[in-house]
Amino acid sequence: MRRYFEIIKPKIVLGNLISSVCGLLIAEEYSFNFFRGFYVILSIFLIISSCFILNNFMDRKVDKIMIRTKNRILTKDSSKNNIFFLILSFSFLIIGLLILYKSSNLLSLSISIFGFSTYILYTVLKKKTFYSIYLGSLSGSTPSIIAYCSISNRIDVRSIIIYITLFLWQIPHFYSISLLFLKDYLRAKIPILPNKIGLFKTKIHIFSYVMVFSILSMIPFFNGYVGVRYLNTTIFVNLIWLLTVLQGVIDSSVSLKKWSKKSFMISIISINLFNCMFAIDKNLN
């Protein structure tokens, strides 16, 4: 049963749902409406799950080669499994879009379709070019904005800042993953940045993106959207992330696996604090 459940990538789904709940709470006009919020989050869960099921289906041949994915349910040759999960994926997608349409608005529905489409395009292109990460980042940044726009029904400066910040976070997060599972990616012949420019330059890229993300994450405070608690928390955790990455850049003796895992873990803490503190410390004045 656990192997079937893992097809929706529950840890990633959970992270996206946290981001979505925070997106609801960040919306300036939000007044607590449990049922409306529940249906919006449910729809996002179904749409994201649909993406991941389809991703597993499309990647099943590559997943057979990679050690960390070789035991996924769709790596086993079974036409019945393939058909069942394809039907499940599209059922989740249709139901999720219908629930979102009924519970929110056309804007959030359109953003959902954009997010789904770019994720599938990313899945196709990631076997061909390392630039596909930018498509994946465009898609991965949408759940919070879907939830935000389901309340606000508009794309405003606040939502643009959130989206760009989430987009920039995705890139060093993924590069850290690519270094953590470097051997797997090499074995499966998936083009990633370290293959193209080398390990040291990849670390420089990670540091640069973390720096830009850290600076951009302070803008909500200077725009008056959040308070000092948000600013202090984000500066603290992003400084730890920057120093961690810098250590790997200047000290070649640091274990690549330990360093990339540490960067990966801090990135998760950083983005969750960004979302949660934005929701907790937002300024309604």
Side-chain angles (χ1 to χ4, degrees), residues 8-10 12-54 89-122 135-170 216-217 219-220 223-226 230 271-285:
I8 66 168
K9 303 183 182 181
I12 305 177
V13 168
L14 178 61
N16 279 283
L17 292 183
I18 292 171
S19 176
S20 301
V21 170
C22 291
L24 283 176
L25 298 175
I26 290 168
E28 189 173 5
E29 302 86 349
Y30 184 77
S31 56
F32 188 78
N33 184 323
F34 175 81
F35 290 105
R36 182 179 183 181
F38 171 79
Y39 285 123
V40 169
I41 298 303
L42 175 62
S43 67
I44 292 172
F45 166 76
L46 291 169
I47 294 166
I48 294 172
S49 296
S50 171
C51 281
F52 289 152
I53 294 170
L54 196 53
S89 174
F90 287 110
S91 298
F92 276 9
L93 176 63
I94 293 168
I95 295 169
L97 291 175
L98 285 172
I99 293 174
L100 188 62
Y101 174 70
K102 289 292 186 180
S103 60
S104 59
N105 50 59
L106 282 173
L107 178 58
S108 56
L109 182 69
S110 300
I111 297 171
S112 298
I113 294 171
F114 168 77
F116 179 86
S117 301
T118 50
Y119 188 78
I120 298 308
L121 189 57
Y122 154 74
L135 284 170
S137 298
L138 286 173
S139 176
S141 307
T142 57
S144 178
I145 304 304
I146 294 168
Y148 181 94
C149 290
S150 73
I151 302 297
S152 68
N153 197 22
R154 69 175 185 271
I155 295 175
D156 53 20
V157 175
R158 190 189 309 243
S159 63
I160 291 171
I161 291 172
I162 294 169
Y163 185 76
I164 295 175
T165 305
L166 293 175
F167 173 83
L168 286 168
W169 170 84
Q170 297 267 346
L216 194 59
S217 66
I219 290 179
N223 276 25
Y225 296 143
V226 290
Y230 165 90
I271 201 61
N272 280 312
L273 283 175
F274 167 79
N275 284 312
C276 293
M277 288 306 298
F278 204 134
I280 292 169
D281 205 30
K282 70 175 182 177
N283 187 352
L284 296 179
N285 297 326

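The first residue of the sequence shown is numbered 1, and numbering continues consecutively from there.
Of the inter-residue distances, the one linking Leu46 atom CG with Ile95 atom CD1 reads 6.5 Å to the nearest 0.5 angstrom. Within the model, atoms OG of Ser112 and CG of Leu100 stand 4.5 Å from one another, a figure rounded to the nearest 0.5 Å. Taken from CZ in Phe114 to CD1 in Ile146, the straight-line distance is 10.0 Å, to the nearest 0.5 Å. Atom OH of Tyr122 and atom SG of Cys51 lie 12.0 Å apart (nearest 0.5 Å). Lys9 NZ to Ile53 CD1: the interatomic distance, rounded to the nearest 0.5 Å, is 11.0 Å. To the nearest 0.5 Å, atom CG of residue Asn275 and atom CD1 of residue Ile162 are 8.0 Å apart.
Applying side chain to side chain contact (heavy atoms under 4.5 Å, CB included) to Ser217 and the options Phe274, Trp169, Phe278 leaves one that passes, Phe274.
The closest side-chain donor-acceptor pair between Ser50 and Ser89 falls under 3.5 angstrom.
Contact annotation: the side chain of Ile161 approaches that of Pro220 to within less than 4.5 Å [non-hydrogen atoms, C-beta and beyond]. Considering only heavy atoms from C-beta on, Thr142 comes within 4.5 Å of Tyr163 through its side chain. For the pair Asn16/Ile44, no side-chain contact is recorded, criterion being any heavy-atom separation below 4.5 Å from C-beta on. Between Leu109 and Ser104, the closest side-chain pair of non-hydrogen atoms is not below 4.5 Å. Looking at heavy atoms from C-beta onward, Ile111 lies in side-chain contact with Cys149 at the 4.5 angstrom threshold. At least one side-chain heavy atom of Pro143 sits less than 4.5 Å from a side-chain heavy atom of Ser20. Looking at Arg158 and Tyr148, their side chains come closer than 4.5 Å, going by heavy atoms from C-beta outward.
Side-chain atoms of Lys282 come within 3.5 Å of backbone N or O of Ala27 as a donor-acceptor pair. Distance alone, capped at 3.5 Å, places no donor-acceptor pair between the Ser139 side chain and the Gly136 backbone. Within the 3.5 Å criterion, the main-chain N or O of Ala147 finds a donor-acceptor partner in the side chain of Ser150. A donor-acceptor pair is defined here as one N or O able to donate and one able to accept, closer than 3.5 Å; no such pair exists between the side chain of Asp281 and the backbone of Val226.
Salt bridge Arg154/Asp156: present, at least one basic N to carboxylate O contact under 4.0 Å.
More than 12 heavy atoms of other residues, nucleotides or ligands lie within 6.0 Å of CZ in Phe167, so this atom counts as buried by the packing criterion.
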- Message: Does Ser144 form a side-chain contact (heavy atoms from CB on, under 4.5 Å) with Leu166? I'd like the steps, not just the answer.
- Response: CA-CA 9 Å; Ser144 178; Leu166 293 175; 3.8 Å; yes
- Steps toward side-chain contact (heavy atoms from CB on, under 4.5 Å) verdict (Phe45, Ile8): CA-CA 10 Å; Phe45 166 76; Ile8 66 168; 4.0 Å; yes
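Taking the six-membered ring where tryptophan is involved, the planes of Phe34 and Phe38 are essentially parallel, since the angle between them stays under 30° and well short of 60°. Note: Tyr119 and Phe52 have perpendicular aromatic rings, judged against thresholds of 30 and 60 degrees for the angle between ring planes.
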